[in-house]
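Scroll down for the structure; my scribbles are underneath it.
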Amino acid sequence: MLNTVKRGFTCGAGLAVAALAAGFIAAAPAQAGLTLDKIKERGVIKVGVGSQAGFFAPDANGRWQGFFVDFGRALAITVFNDPDKVEFTNSSPQQRLPALQAGQFDILLSAVTQTITRAFKLNFHFGPVVFYDGQGILVKKSLGVNKASELDGATIGVQSGTTGEQNIADFFKKTGKTYKSVVIEDTATFTQALTSGRVDALTQDGTDLGLRRAALPNPDEYVLLPERLSKEPLAPAVLGGDDRWLEIVNWTVYATIQAEEFGITSQNVDTFLTSEDPAIKRFLGVDPSLGQAIGLDPKFAYNIIKKVGNYGEIFERNLGKSTKIGFDRGLNNLWTKGGLIYSPPFR
Ligand SMILES: N[C@@H](CCC(=O)N[C@@H](CS)C(=O)NCC(=O)O)C(=O)O
């Protein structure tokens with residue numbers, strides 16, 4: 001039996017039902033071009049984010065930092081050539097999807113998994129996957145469990161509104177073992193549920209759990225089990241119906257990826273301005289024909305790389321080996337290096 005402490009807006013099939021009940025599905029789609037007009041009039045892009053150091057968190061000065069935050073700053077450069085014309089607002093996984101539907105955000109950069117239900121039932125359109133994740137399970141070491149398949153009868157905390165709710169149910173259906181679910185909305189309460197002993201384990205995106213574990217005073221007392229229960233491709237989400245806005249999101253992300261493939265960084269970008277390579281000339285706007293043809297500042301990619309950096313720099317600065325988080329690139333490496341990160345051509 002599921003012991004549901006706080007059940008609300010859930011994902012997958014559950015989410016569709018909850019959304020229908022709450023009338024979210026009837027939300028009008030964004031109209032072509034209007035998002036950009038609205039943003040320009042307002043002078044700032046409204047971005048919904050989570051709160052998890054490394055992905056998205058305010059620093060000591062209240063300035064938002066993190067992997068997803070950097071893509072928001074890149075977007076502000078494409079639109080305004082100013083990385084600060086973006087307003088980040090924390091919204092829980094349960095609240096953020098209806099908030100995007102209600103037009104409270106222009107975009108979610110909050111580790112949202114791209115799923116078919118969210119596309120068709122919620123009318124969300126997804127930009128490029130910026131992080132390939134998979135659902136994990138974090139347990140107390142004292143539980144003595146080394147593999148997910150050894151879990152039987154455990155009490156497991158799941159965060160409401162996440163894909164994790166459905167995935168964990170699927171997982172236990174497959175293993176034939178039992179579990180008790182405790183559904184929690186608030187992100188701080190979620191971690192406390194494990195540290196206080198209210199639950200034996202937490203399940204969420206593996207990266208999220210890795211970040212939570214790293215932030216604990218005693219991380220060695222917790223183990224992130226090796227299995228990944230699902231595919232969690234995390235992508236920017238916008239409301240369907242405004243193709244131009246979606247394309248601006250797409251090519252902003254692609255600019256960071258293509259720059260890494262070219263070997264262009266925030267440090268060396270100016271040395272590429274004299275390159276004779278026609279593809280690099282187009283990419284950096286030295287040849288302005290591309291920017292003119294698409295109606296963007298021909299230097300938008302140059303400006304992004306100069307001020308925010310390429311995909312690899314964004315990854316390393318926020319999550320990489322030089323940080324205390326210390327993630328490997330893994331699937332999030334370039335396709336030329338065995339990963340899945342790939343940009344279509346800039347031409
Ligand atoms: N990818 C999953 C989970 C998303 C999620 O909950 N992500 C974590 C960060 S990795 C989060 O936003 N936590 C912060 C919060 O609860 O405010 C989904 O789309 O349902």
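We count ligands from 1, going down the list as the structure has it; atoms in each ligand are counted the same way. In this text, all values refer to a predicted model and were calculated from it rather than measured experimentally.
Judged purely by distance below 3.5 Å, without hydrogens or angles, the side chains of Ser51 and Thr187 never pair a donor atom with an acceptor atom.
Contact annotation for Leu234 and ligand 1: only side-chain heavy atoms (C-beta onward) come within less than 4.0 Å of the ligand. At a heavy-atom cutoff of 4.0 Å, ligand 1 is contacted by no atom of Glu185, backbone or side chain. Contacts between Phe55 and ligand 1 below 4.0 angstrom, taking non-hydrogen atoms only, involve the side chain exclusively. Residue contacts with ligand 1, taken as heavy atom pairs separated by less than 4.0 Å, do not involve Glu165 at all. Contacts between Asp205 and ligand 1, counted as non-hydrogen atom pairs separated by less than 4.0 Å, involve the side chain only. By the criterion of a heavy-atom distance under 4.0 Å, the side chain of Asn90, and not its backbone, is placed next to ligand 1.
Geometric assessment of Arg282 against the ring of Phe346 yields a negative cation-pi assignment under the 6.0 Å and 45° thresholds. In this structure, Lys177 forms no cation-pi arrangement with Phe172, as its terminal cationic atom is not both closer than 6.0 Å to the ring centre and no more than 45° off the ring axis.
Of the charged side-chain nitrogens involved, at least one lies within less than 4.0 Å of a carboxylate oxygen, so that Asp270 and Lys306 count as a salt-bridged pair. Using a cutoff of 4.0 Å between basic side-chain nitrogens and carboxylate oxygens, Asp208 and Arg212 are scored as salt-bridged.
Note: an N/O pair closer than 3.5 Å links Thr163 and ligand 1 by distance alone. Any N or O atom pair closer than 3.5 Å counts here, and Ser92 shares no such pair with ligand 1. Of the N or O atoms in Arg96, one or more lie within a sub-3.5 Å distance of an N or O in ligand 1.
Listed by atom number, the atoms of ligand 1 under 4.0 Å from Pro93 heavy atoms are 6 (O), 15 (C), 16 (O). Applying the 4.0 Å criterion to heavy atoms of Thr162 picks out, from ligand 1, the atoms 3 (C), 6 (O), 20 (O). Within ligand 1, the atoms closer than 4.0 Å to a non-hydrogen atom of Ala111 are 1 (N), 2 (C), 4 (C), 7 (N), 10 (S), 19 (O), numbered from 1 in the order shown. Those atoms of ligand 1 that come under 4.0 Å of a heavy atom in Arg118, given as number and element, are 18 (C), 19 (O), 20 (O). Close approach to Ser51 involves these atoms of ligand 1, each under 4.0 Å from a residue heavy atom: 14 (C), 15 (C), 17 (O). Less than 4.0 angstrom separates some heavy atom of Gln204 from each of these atoms of ligand 1: 3 (C), 5 (C), 6 (O), 7 (N), 8 (C). Atoms of ligand 1 found under 4.0 Å from any heavy atom of Val112 (numbered from 1 in listed order, with element): 19 (O). Short contacts between ligand 1 and Gln159, defined as distances under 4.0 Å to a heavy atom of the residue, involve ligand atoms 15 (C), 16 (O).
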(request) Start with the C-alpha distance between Arg63 and Asp84, add both sets of side-chain angles, then the distance that settles side chain to side chain contact (heavy atoms under 4.5 Å, CB included), and finish with yes or no. (result) CA-CA 10 Å; Arg63 183 176 162 81; Asp84 292 322; 2.6 Å; yes
(request) Show the numbers, then the answer: is there a ring pair (Phe, Tyr, Trp, His ring centres under 6.0 Å) between Phe283 and Phe262? (result) CA-CA 10 Å; Phe283 181 67; Phe262 278 143; 5.3 Å; yes
(request) In sequence, state the C-alpha distance, the side-chain angles, and the governing distance for Asp277 and Ser275, and then conclude on side chain to side chain donor-acceptor pair (under 3.5 Å). (result) CA-CA 5 Å; Asp277 182 337; Ser275 167; 5.2 Å; no
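Remark: Lys174 pairs with no residue by the salt bridge (charged side-chain N to carboxylate O under 4.0 Å, His left out) rule, at least two apart or across chains.
Between Phe67 and Phe131, the ring center distance clears the sub-6.0 Å criterion. Note: Phe88 and Phe56 fail the aromatic proximity criterion, with ring centroids not under 6.0 Å apart.
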